[in-house]
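Remarks on the structure that follows.
Just so we're clear, the structure is a prediction, and the values are computed from it rather than from any experiment. Whatever order the structure lists them in is the order used to number ligands and atoms, beginning at 1.
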Amino acid sequence: MPHQTIFEKSRRGRTGANLPECDVPRVDAAETLGAGALRTSLPLPEVSELDVVRHFTGLSHRNYSIDAGFYPLGSCTMKYNPKVNEKTAAMPGFAGLHPLQPEETAQGALQLIYELQSMLAEICGMDATTLQPSAGAHGELLAMMMVKAYHAERGEAHRNIVVIPDAAHGTNPASAARCNFKVKGIPGNDSGRTDIAALEKALDGNVAAFMLTNPNTVGLFESDIRRICELVHSVGGLVYCDGANMNAMLGLTRPGDMGFDVMHFNLHKTFSTPHGGGGPGCGAVSVKKILEPYLPTPHVVKSVVGDQATYTLDANRPQSIGRIHSFYGAFLLAVRAYTYIRTLGARGIREVGENAVLNANYIRARLADHYEVAFDNQVCMHEVVLSATRQKVQSGVRAMDISKRLMDYGLHPPTNYFPLIVPEALMIEPTETESKQTLDHFIDVMIKIAEEAKDNPELLKTAPHNTVVSRLDETYAVKNLDLRYEPIFTATE
Ligand SMILES: *Cc1c(COP(=O)(O)O)cnc(C)c1O
C-alpha cells in the first residue's frame, strides 16, 4: 500500500537524526498508559536535515525585502540599513539592559539617548527631543497632546481646530481627532502646494495648530513655508511638521529654521531601522523651547560636576503631559539611529539628502515621456508622483495593474493611490542607497510596461503571472491573513 502523507517532501524511513541505541529497558507504552491514550497514526514528515533547511530557506525567499531587491515604496523611505547598526544594537551592554536597573549602571545607554536627542534637535533646528513615541503616528499624537496642554496653560483651551491639507497622510487628521480637535481640511493649489488663500480663510482665534508635511506628500517642497508659519503664528496657532519626509532635507535645511514649532521624525525611515510589517518603530519628537516643558516623562537630562557628566531620567517635570510609552521607548532603535548618524557624520548626512533628491529626479526625468508626472513635472524632492491616467484613458490599465506587472519583473511596486488627490497615483521613492544601474533597470522595466499597456493591456490587467500567488483580493487578504504553508500536491511513496 502506498505511504500516504500530506507532506510532499516526506519519504518513508527518511530521518534527520541519528540517535544512539537506547540503553535503558524499553517500556510498553500501551501497557503503561492504556491503549486508549495512544494515537494510531501521527502525521509527521519524514525528512532529512537538508530537506528541512531547504524548505524553510525556500519559504523565507518568498518574502520581499530591501536586502533582496529595489523597494521604491513612496513615503516609506525603504533605504538600505547598514548592518553595522545591527551589530551595535546587539551588543550585550545594550541588548541585555534591564529597564529597571539603577541609573548609575546604565550611564552609557542614557548618554546615548541624550546624545541622540541632541543630534536630532540639531538636525531639525529645534531645542529638545524625546525618543518615547513608538511610531510616526504616535509622535503626531504626542505633539497634539502637547499643543493642547500649551494652549490650556495659556488660558486658551477654547482652541479646538487643527487645520490639515487634503493631501496629508491619514495619520495626521486621525491624531488630531484622537485629541478631540476638530479637523479642518484645506485644498492644495495648482502647483501641488498649500493654497495660501485657503489657509488664510481657515485661520482664526480657534485654531490650535496647522499640520503640514514638508516636503509635502506629493514630493514637493513647500516654497512658501516661512509665510505659512507666520500666518499660523499670527492667529496664535502652532505649526506642526510631519517629518516623515525628512530624508530629503537632511543637512540641507531645517524645519526649525522655517518656523515650525514641533515635528516628528520616523527613525525607522530616515535613520535606517528595518521596518515594514508593522514595527518596531520610533517617532522621535523635537520641539522648540515653548513646548519643552510638556515633553513626556521621564526625560533624559545631563548634569556636569567638575569634569564628571551624569545622565539621569528626569521624572520631575510638573508641566509634562506624562508618559506615552512604557519605560523609555524602543531603545535599540535609538542605538541603530545613533550608529547611523555617527558613521555618516555631518557631511554624510547631507549627502543622504542630496542623493535622495537626485535619484528621484533621475527617475522623473527618464519616465516623464512615458507617464504623466503629477503637477506638471516640476523638480521634485526625494520622491516623484506619477499618474497612470494616460494608460487608463488609452487602454483601461490602472496604477494597480502597472504595480502588479512590476512584480513579474521581480521589483517591489511603488505606493499606489496615495496621495488621494492624484488620480491613479504611483508614488516612487528610490532613496539615496540605490545605484544608477538599479535605477536604470527599474526605469527600463517601467518603460517596457508602458509599451505593454498599449500593445497588450490584458497582460497587465491579469498580472502578476510569475509570483507564488496571483492577484489577491487585497481587502479580503488583509482581513483574513493566511500564512500557513500548504503543500502543492500529496506525495505517495
Ligand atoms: C509613514 C508616515 C507617517 C506615519 O508613520 P508611522 O511610523 O507609520 O506611524 C506619517 N506621515 C507620513 C507622511 C508618512 O510617510
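Glu222 and Asn216 share a side-chain donor-acceptor pair at under 3.5 Å. Checking His233 against Asp261 by side-chain atom types alone, a donor-acceptor pair falls below 3.5 Å.
Atom numbering of ligand 1 starts at 1 in the shown order; those under 4.0 Å from a heavy atom of His268 are 7 (O). Residue Ser75 approaches ligand 1 through these ligand atoms, each under 4.0 Å from one of its heavy atoms: 13 (C), 14 (C), 15 (O). Taking a cut-off of under 4.0 Å to the non-hydrogen atoms of Ala244, the atoms of ligand 1 that pass are 2 (C), 11 (N), 12 (C), 13 (C), 14 (C), 15 (O).
The shortest side-chain heavy-atom distance between Gln117 and Ile113 falls under the 4.5 Å cut-off. Contact check for Phe271 versus Leu250: side-chain heavy atoms found under the 4.5 Å cut-off.
Among protein heavy atoms, atom 6 (P) of ligand 1 sits closest to Gly136 N, 3.4 Å. In terms of protein heavy-atom proximity, atom 11 (N) of ligand 1 is closest to Asp242 OD2, 2.6 Å. Here the protein heavy atom with the shortest distance to atom 9 (O) of ligand 1 is Ala137 N, 2.8 Å. Looking at atom 5 (O) of ligand 1, its nearest protein heavy atom turns out to be Asn266 ND2, 3.0 Å.
His275 contributes a side-chain N or O that, together with a main-chain N or O of Cys76, makes up a donor-acceptor pair within less than 3.5 Å.
Rounding to the nearest 0.5 Å gives a distance of 13.0 Å between OG1 of Thr130 and CG of Leu291.
Closest heavy-atom approach to atom 1 (C) of ligand 1 within the set Lys269, His264, His169: this belongs to Lys269.
For His138, no heavy-atom contact with ligand 1 is shorter than 4.0 Å.
Phe210 has its ring centre no less than 6.0 Å from the ring centre of Tyr240.
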